[in-house]
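On a predicted model such as this, the values are computed, not experimentally measured, just so you know.
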Amino acid sequence: RNSKPRLPRGAESMIRSFRTVLRRVGYAPISTVVGGDGATCSEDWSTEKVRDVLGKHSLAQWASIEKTINNNLHIVAAEDIYLIAADGKRYVDFNSQAICTNLGYSTQSIADEVYKQMKEVPFLESRFFMATIRAKVIDFMREVMPGLERFHFGESGATAVEAAIRMARVYTGKKKILASYRSFHGGTAGALTLTGGVDERHFHVDSSPLEGTVHFADRFPFLMSWGNTPQEANANFLAYLEEVITLEGPQTIAAIIIESIVGTHGILPSPEGYLSGVQALCRKYDIVFILDEVMAGFGRTGKWLGYQHYDGVEPDIVTMAKGLSAAVLPIGAVGVNAKIGKYFETHNLPIGSTYNAHPSGLAAIWGALKMYKEQNINEKVTTMDPVMKALGSKLKAAHPKSVREARSIGLWGMLEITIPPKFQDDPNALAGTISKGLLSKGVFTLVKYHKHMRCVIVYTNPPLVITEEQLTGVFDGIGEMLSETVDPLL
């Protein structure tokens with residue numbers, strides 16, 4: 001009776017979970033939880049404490065802790081196009097983080113759809129149960145994506161690419177996959193193998209785990225030219241690609257996968273006739289034509305999907321993610337045409353995971369799709385397209401030595417920044433200087449050195465809800481940063 005009562009097995013964990021829920025809904029402050037180690041759930045998570053815990057106990061992606069957590073901003077809130085740091089400073093998110101927060105941060109309507117689904121039934125295993133939300137999402141996507149008849153939902157863009165490749169191989173009975181050197185298709189082993197060597201992340205993959213991958217030179221080469229006009233360049237490139245196909249053996253090639261618009265490595269709109277030309281070769285040699293729309297899709301260019309800019313382009317398979325749910329929850333998708341869909345009516349699709357077609361993720365898609373439509377995002381981006389182009393041209397004219405090139409489609413763009421002699425031996429340091437200079441102006445975006453393009457890239461990819469006034473203000477800030485950091489060195 002005088003001793004401390006012993007809790008039943010598992011009770012401590014249950015208490016921790018219950019108190020965490022109470023804390024999250026604001027029921028009561030929690031100072032400590034049951035635990036022999038004295039662990040706390042203190043509400044006081046200062047920037048120093050967060051950096052200490054993450055610096056000591058987390059792992060980074062694509063980099064070391066030293067180069068990420070030790071330098072990252074501590075964001076505690078967000079609204080509209082702004083990220084709000086713990087110190088109260090607001091930053092325009094000028095890259096939509098990873099080109100995914102397409103609808104910005106005032107997305108309560110999406111959160112409401114997710115909450116509604118989680119209250120009704122948060123999870124259903126798609127092998128055993130039907131979910132209404134899955135049918136609603138598919139019905140909407142069929143309407144805005146003519147030519148795509150069936151849809152598969154995974155966890156990300158990379159898993160969508162993995163699924164697309166497996167579908168193509170099963171459907172054709174062939175193995176080889178042709179992919180462009182100038183590409184990025186995701187971070188899983190297969191998707192990273194398909195990613196071209198122009199992306200240094202490709203070399204994290206040991207011994208090419210996706211056997212049968214064949215890379216071809218891109219329509220947009222770095223050190224050569226396919227021709228003096230777009231028409232001549234298309235013709236020469238397509239002749240080259242056909243030679244690759246015939247030499248590899250069309251009877252061995254399951255699919256060709258390309259980005260409808262080259263993203264990470266240039267943001268290069270496809271010239272008219274390029275995509276349709278690749279499609280024609282696929283039809284001629286019975287090869288599945290896959291378009292990667294993970295970045296280009298969902299309003300980024302003013303269309304639901306990037307390839308919808310080009311007449312006659314009807315891919316067999318399309319991969320999607322990022323803006324699909326406006327990044328509110330992680331989920332990706334694959335859409336297939338009627339021919340491939342018909343095949344899998346009677347043939348097993350050997351793809352799956354526990355979280356396939358997760359209802360809560362689908363609810364995020366549903367909320368995002370409705371928001372794109374209700375706010376006329378495609379029309380808005382189409383209107384903003386000439387504004388972004390004009391601001392880029394104005395910036396280049398004002399800083400002719402610093403800005404080598406400015407290009408965009410819709411609200412998807414980049415600036416090529418000349419590397420001054422001072423930074424020739426360490427261009428990554430220039431990228432860091434520019435990034436810090438932009439942060440001082442209240443602008444966050446991705447800035448990186450691209451060794452094949454031989455410049456520093458400043459990405460200009462804001463949430464699609466940005467106003468003309470806001471966009472102009474950011475470009476003014478970029479101009480001020482260039483005047484202070486790069487122009488004096490050239």
Side-chain angles (χ1 to χ4, degrees), residues 80-83 91-105 220 259-272 293 295-310 322-323 326 372 375-400 402-417 434-435 438 441-448 450 453 455-483 486:
D80 190 31
I81 63 169
Y82 300 98
L83 297 165
Y91 298 89
V92 174
D93 178 5
F94 210 53
N95 197 47
S96 300
Q97 295 202 38
I99 316 180
C100 57
T101 56
N102 287 12
L103 294 171
Y105 301 99
F220 307 96
E259 296 171 280
S260 62
I261 297 170
V262 174
T264 300
H265 298 291
I267 307 181
L268 300 165
S270 296
E272 197 64 48
E293 288 277 352
M295 282 191 182
F298 300 96
R300 180 54 59 184
T301 69
K303 300 284 187 180
W304 286 103
L305 297 170
Y307 73 82
Q308 292 174 337
H309 285 280
Y310 308 101
K322 291 186 181 284
Y372 284 119
Q375 295 194 12
N376 299 311
I377 294 298
N378 284 329
E379 294 78 6
K380 173 182 170 61
V381 172
T382 299
T383 300
M384 293 291 282
D385 173 85
V387 176
M388 172 86 94
K389 285 183 169 65
L391 289 169
S393 297
K394 180 181 177 182
L395 187 74
K396 182 181 177 183
H399 306 271
S402 295
V403 182
R404 194 175 74 182
E405 188 61 65
R407 61 178 168 274
S408 61
I409 177 171
L411 286 172
W412 195 16
M414 67 164 50
L415 306 170
E416 296 182 8
I417 305 301
I434 291 173
S435 182
L438 289 174
K441 305 297 180 183
V443 177
F444 160 80
T445 192
L446 179 61
V447 182
K448 71 177 186 179
H450 198 294
M453 295 173 67
C455 64
V456 165
I457 295 171
V458 176
Y459 290 90
T460 57
N461 308 307
L464 308 181
V465 295
I466 195 169
T467 66
E468 182 173 345
E469 181 181 4
Q470 290 170 328
L471 188 64
T472 301
V474 174
F475 270 88
D476 288 344
I478 294 173
E480 292 173 6
M481 176 276 300
L482 291 172
S483 296
V486 183

Enquirer: The criterion is salt bridge (Lys or Arg N to Asp or Glu O under 4.0 Å); which residues satisfy it with E480, sequence neighbours excluded?
Expert: K441
Enquirer: Would you please name every residue forming a side-chain contact (heavy atoms from CB on, under 4.5 Å) with A98, sequence neighbours left out?
Expert: C100, K322
Enquirer: Set out, in order, the CA-CA distance, both residues' side-chain angles and the distance that settles side-chain contact (heavy atoms from CB on, under 4.5 Å) for L482 and L395, then state yes or no.
Expert: CA-CA 10 Å; L482 291 172; L395 187 74; 4.3 Å; yes
Enquirer: Please name all residues satisfying side-chain hydrogen bond (donor to acceptor under 3.5 Å, both in side chains) with N461, sequence neighbours left out, ordered by chain then number.
Expert: N95
Enquirer: To the closest 0.5 Å, what do you measure between CG (L464) and CZ (R300)?
Expert: 4.5 Å
Enquirer: Kindly write out the residues that satisfy side-chain contact (heavy atoms from CB on, under 4.5 Å) with E379, not counting sequence neighbours, or none if the list is empty.
Expert: N376
Enquirer: Begin with the C-alpha distance, continue with both residues' side-chain angles, and end with the deciding distance and a verdict on side-chain contact (heavy atoms from CB on, under 4.5 Å) for F94 and T460.
Expert: CA-CA 6 Å; F94 210 53; T460 57; 3.5 Å; yes
Enquirer: Listed by chain and number, what are the side-chain hydrogen bond (donor to acceptor under 3.5 Å, both in side chains) partners of D385, not counting sequence neighbours?
Expert: K389
Enquirer: So, taking the atom named CD in Q308 and the one named OG in S260, what distance separates them when rounded to the nearest 0.5 Å?
Expert: 9.5 Å
Enquirer: Of all residues at least two apart in sequence or in a different chain, which pass the side-chain hydrogen bond (donor to acceptor under 3.5 Å, both in side chains) check with Q97?
Expert: Y105
Enquirer: Please identify each residue that fulfils side-chain hydrogen bond (donor to acceptor under 3.5 Å, both in side chains) with T301, with sequence neighbours left out.
Expert: H309
Enquirer: List the atom of G392, the atom of A406, and the distance in Å for their closest heavy-atom pair.
Expert: O-CB, 3.6 Å
Enquirer: For L438 and V458, run side-chain contact (heavy atoms from CB on, under 4.5 Å): C-alpha distance rounded to whole Å, both residues' side-chain angles, the deciding distance at 0.1 Å, then the answer.
Expert: CA-CA 10 Å; L438 289 174; V458 176; 4.1 Å; yes
Enquirer: In Å, rounded to the nearest 0.5 Å, how long is the span from CE of M481 to OG of S402?
Expert: 8.5 Å
Enquirer: For E272, what residues pass the side-chain contact (heavy atoms from CB on, under 4.5 Å) criterion, not counting sequence neighbours?
Expert: Y310
Enquirer: Which atom names give the shortest non-hydrogen contact between C455 and R404, and what distance separates them?
Expert: SG-NH2, 3.5 Å
Enquirer: May I ask you to test the T472-L391 pair for a side-chain heavy-atom distance under 4.5 Å?
Expert: yes
Enquirer: Please examine the side chains of L411 and L471, heavy atoms only from C-beta on, and report whether any two atoms are closer than 4.5 Å.
Expert: yes
Enquirer: Can you sort out the partners of Y372 under ring pair (Phe, Tyr, Trp, His ring centres under 6.0 Å), two or more places apart, ordered by chain and number?
Expert: W304
Enquirer: Give the table of side-chain donor-acceptor pairs shorter than 3.5 Å for residues 261-269, with sequence neighbours excluded, one pair per line with atom names and distance.
Expert:
from	atom 1	to	atom 2	distance (Å)
H265	ND1	H450	NE2	2.8
H265	NE2	D199	OD2	2.8

Enquirer: Taking all atoms of both residues into account, what is the closest heavy-atom pair of A397 and P400, and its distance?
Expert: O-CD, 3.4 Å
Enquirer: Could you tell me whether the side chain of P462 reaches within less than 4.5 Å of the side chain of Q470, counting heavy atoms only?
Expert: no
Enquirer: For the residue pair E416 and R407, establish whether any side-chain heavy-atom pair is separated by less than 4.5 Å.
Expert: yes
Enquirer: So V447 and Y459, do their side chains get closer than 4.5 Å, heavy atoms only?
Expert: no
Enquirer: What residues form a side-chain contact (heavy atoms from CB on, under 4.5 Å) with S393, not counting sequence neighbours?
Expert: none
Enquirer: Indicate yes or no: at least one non-hydrogen side-chain atom of I377 is less than 4.5 angstrom from one of N102.
Expert: no
Enquirer: Do I466 and M384 have side chains that get closer than 4.5 Å, going by heavy atoms?
Expert: yes
Enquirer: Work out which heavy atom in P271 is nearest to a heavy atom in F220; give both atom names and the distance.
Expert: CD-CZ, 3.5 Å
Enquirer: Identify the two heavy atoms, one from F444 and one from L83, that lie closest to each other, and give their separation to 0.1 Å.
Expert: CD2-CD1, 4.4 Å
Enquirer: Supply the atom-to-atom distance M453 CE to E405 CD, rounded to the nearest 0.5 angstrom.
Expert: 9.0 Å
Enquirer: Just how far is it from atom CD1 of I81 to atom CG of L103, taken to the nearest 0.5 Å?
Expert: 13.5 Å
Enquirer: For the residue pair M388 and F475, establish whether any side-chain heavy-atom pair is separated by less than 4.5 Å.
Expert: yes
Enquirer: Kindly indicate, with the supporting measurements, whether the criterion side-chain contact (heavy atoms from CB on, under 4.5 Å) is fulfilled by Q375 and V465.
Expert: CA-CA 9 Å; Q375 295 194 12; V465 295; 3.9 Å; yes
Enquirer: How long is the gap from NZ on K448 to CD1 on I434, to the nearest 0.5 Å?
Expert: 14.0 Å
